[in-house]
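Here's the structure, in structure tokens; my notes come after.
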Amino acid sequence: MGIKIHAVSTGARYRNLSLWFALVAFLSLFFADIFLYQPDPWEEFGRIGWGMITPFWPDADELLMSALHTVSFALLGVAVSAALGVLLAIWFHWRIVRVFSAVIRSVHEIFWGLLFMQVFGLSALTGLLAITIPFAGIFAKVFSDIFHQQSSATVDTLSGSSRLSRFFYAWIPQAWPAMRSYIRYRFECALRSSAILGFIGLPTLGFHLETAFRQGDYSEAAAVFWVFLILIGTVRFWFYKKLLLAYLLGALFLLPEMPPVNASFVWQFFTQDLWPGSLLNGDIAGALRWYGNVLADEVGPALIQTIAITQAALVLSGVLALAWYPFASRWLVGRYYWLGRFKLLVLRSVPELMLAYLFMLLFGPSALPAIFALALHNGGLIAFLLANHSQDSCAQQRQDSPVGLARYFYQDLPQRYPAFLALLFYRWEVIMRESAMMGVLGIATLGFYVDSAFEEIRFDKAFFLILVAAALNVIVDSLSRRLRKAAGLKTPRM
């Protein structure tokens, strides 16, 4: 007797995948530490709102220097990491390179900053390494994907040449427009990363923002916020490739002073301080007990919170993106689309940590501020990219296309949904990294225990927790790739 196999349609596959993720997110809410610690946040919200429309900063030179430091860290970090990313992408077919790239990009910039700050202090080197190392892994992954999307016809003519020659004379020239576009996008990300490094003490805009918020001076906080928003929003007007060399030289000149480095202390830190004493003494059983205690007492509870926040924020990001992107597409809402684009510019420009800090002031240090912050930022970013895709395709539409809600639900949304799912899966790893990092604000994710371990000068525990966070992100990245492949989703265009 023959067995009939019913093929599942693409639409049904996307629907089932979406419903499963929504179910997981709903169940995650029961494990997340969601609690409103402040019964009436609206009075505080009103003070923050008044501060936003009355920005004030007493020392303009100080604010300008912080903005220049923010740009300097971002420029130099992207320049070095992009070059390293190209080299890693050339040999990305080697498993060891792929694993190495996955590990270094899985550790958040804040964690790298906390780690190097113990050795180099609040110096320029700490900020540069904190941005360069994870960004190199990200560039390696993205550049490798870009190379694989190029035609192999030109490369075939250089079949007798070395791998380096084929890349520099065939692959890179073909891929350069896409690489240049991504480098520009990554520079905007680096500006956000540079700013939030101020939360651990580096002299960027985030340092003054956190200080103003802690003191309750929301007018000063608003001044820093608006400077940062203008900096991000005007990148295309001042970031000229012809002036890149001058920018880089200026960035080197503007970096904070670098104190002398004690080589013996650096060696001791990485060879002794980061490892438990029992392991260094050869007591394997004692080391296993130590790791087991950390896993049971801190890693377990932190993983539950980190995963719960990630899944809730991931699905909420998707819901917000689908609700927001039509208002930023001229094809869907007409000439007032710029209002929607401005809203998305604000949401995608403000780092998640800044948003979480704001919500924490309103609702207390629970999982709720982290979920809201991650969802608003990532939802705004995904919506912005979907709106761009929507506008790019409007020229190909027929004149008798439906209008209003019918155009969105029956024509545009079905076309955008595969790209939407691909972007959502692509951001999954990023949201996981950010969820772990939220602990530096007091939210009970992995970052909370990492920050506490550094404060207690327990570098071995902090390093182990960072490795756990990296392993978690590697697993999520692998799962995301498998799901994208199983669903037939292409690598999203950023």
State whether the number of non-hydrogen atoms from other residues, nucleotides or ligands found under 6.0 Å of [X] atom [atom1] is greater than 12.
{"X": "F100", "atom1": "CZ", "answer": "no"}
{"X": "R180", "atom1": "CZ", "answer": "yes"}
{"X": "I53", "atom1": "CD1", "answer": "yes"}

Between S480 and R484: side-chain donor-acceptor atoms closer than 3.5 Å
yes

If we ignore angles and hydrogens, is there a donor and acceptor under 3.5 Å between the side chains of Y182 and R186?
yes

Within the 6.0 Å centroid threshold, strictly below: [X] and [Y]:
{"X": "F228", "Y": "F225", "value": "no"}
{"X": "Y218", "Y": "F213", "value": "yes"}
{"X": "F239", "Y": "F187", "value": "yes"}
{"X": "W112", "Y": "F116", "value": "yes"}

Quickly, which of L63, L191, I196, L197 forms a side chain to side chain contact (heavy atoms under 4.5 Å, CB included) with L205? Name it, please.
L63

Of the options E434, M432, R433, E429, which is the one that meets T310 in a side chain to side chain contact (heavy atoms under 4.5 Å, CB included)?
M432

Pairwise side-chain contact, [X] with [Y], heavy-atom cut-off 4.5 Å (strictly under):
{"X": "F26", "Y": "F21", "result": "no"}
{"X": "Q305", "Y": "I443", "result": "no"}
{"X": "D412", "Y": "P326", "result": "no"}
{"X": "E352", "Y": "N378", "result": "yes"}
{"X": "M179", "Y": "W176", "result": "yes"}
{"X": "R341", "Y": "N388", "result": "yes"}
{"X": "P414", "Y": "F409", "result": "no"}
{"X": "S106", "Y": "D477", "result": "no"}

Could you give me the CA-CA distance, side-chain angles and deciding distance for L344 and W324, then say whether side chain to side chain contact (heavy atoms under 4.5 Å, CB included) is met?
CA-CA 8 Å; L344 298 183; W324 286 340; 4.1 Å; yes

Apply salt bridge (charged side-chain N to carboxylate O under 4.0 Å, His left out) to R184 and E188, showing your working.
CA-CA 7 Å; R184 188 166 186 168; E188 293 187 18; 5.7 Å; no

If you take all heavy atoms of [X] and [Y], which pair is closest and at what distance?
{"X": "A356", "Y": "P369", "result": "O-CB, 3.8 Å"}
{"X": "A375", "Y": "L320", "result": "O-CD1, 3.8 Å"}
{"X": "M438", "Y": "A370", "result": "CG-CB, 3.9 Å"}
{"X": "I131", "Y": "A190", "result": "CD1-O, 4.3 Å"}
{"X": "F448", "Y": "A444", "result": "CB-CA, 4.2 Å"}
{"X": "L374", "Y": "S317", "result": "O-OG, 3.6 Å"}

Where does the angle between the aromatic ring planes of F143 and F147 fall among parallel (under 30°), tilted (30 to 60°) and perpendicular (over 60°)?
tilted

Spatial distance of atom [atom1] ([X]) from atom [atom2] ([Y]) [nearest 0.5 Å]:
{"X": "M437", "Y": "F199", "atom1": "CE", "atom2": "CZ", "result": "9.0 Å"}
{"X": "Q311", "Y": "L23", "atom1": "CD", "atom2": "CG", "result": "11.0 Å"}
{"X": "W331", "Y": "Q411", "atom1": "CH2", "atom2": "CD", "result": "5.0 Å"}
{"X": "L17", "Y": "L483", "atom1": "CG", "atom2": "CG", "result": "6.0 Å"}
{"X": "L355", "Y": "L347", "atom1": "CG", "atom2": "CG", "result": "7.0 Å"}
{"X": "L88", "Y": "I138", "atom1": "CG", "atom2": "CD1", "result": "12.5 Å"}

salt_bridge(E109, R192) N-O dist < 4.0 Å:
no

Please determine if [X] forms a cation-pi arrangement with [Y], meaning its NZ or CZ atom is less than 6.0 Å from the six-membered ring centre and no more than 45° off the ring axis.
{"X": "K141", "Y": "Y426", "result": "yes"}
{"X": "R348", "Y": "F384", "result": "yes"}
{"X": "R416", "Y": "Y325", "result": "no"}

[X] side chain vs [Y] backbone, donor-acceptor pair below 3.5 Å:
{"X": "T306", "Y": "L446", "answer": "yes"}
{"X": "S478", "Y": "V474", "answer": "no"}
{"X": "T204", "Y": "T70", "answer": "no"}
{"X": "T132", "Y": "L128", "answer": "yes"}
{"X": "T445", "Y": "A436", "answer": "yes"}
{"X": "S181", "Y": "P177", "answer": "no"}
{"X": "S390", "Y": "L386", "answer": "no"}

Sequence neighbours excluded, every pair satisfying side chain to side chain donor-acceptor pair (under 3.5 Å) that has a member inside residues 219-235
T54-S219, T234-W238

Where do F463 and V450 land on the side chain to side chain contact (heavy atoms under 4.5 Å, CB included) test, with the steps shown first?
CA-CA 8 Å; F463 185 61; V450 171; over 6 Å; no

Before giving the answer on side chain to side chain contact (heavy atoms under 4.5 Å, CB included), spell out for F464 and L295 the whole-Å C-alpha distance, their side-chain angles and the decisive distance to 0.1 Å.
CA-CA 10 Å; F464 177 60; L295 285 171; 3.9 Å; yes

Residues passing the side-chain hydrogen bond (donor to acceptor under 3.5 Å, both in side chains) test with N473, sequence neighbours excluded, are none

Between F327 and Y337, does the ring pair (Phe, Tyr, Trp, His ring centres under 6.0 Å) criterion hold? Intermediate values first, please.
CA-CA 6 Å; F327 296 99; Y337 77 103; over 10 Å; no

What do the steps show when you test V294 against Y449 for side chain to side chain contact (heavy atoms under 4.5 Å, CB included), and what is the final call?
CA-CA 10 Å; V294 176; Y449 296 98; over 6 Å; no

Can you list everything that forms a ring pair (Phe, Tyr, Trp, His ring centres under 6.0 Å) with H377? Sequence neighbours excluded, please.
none

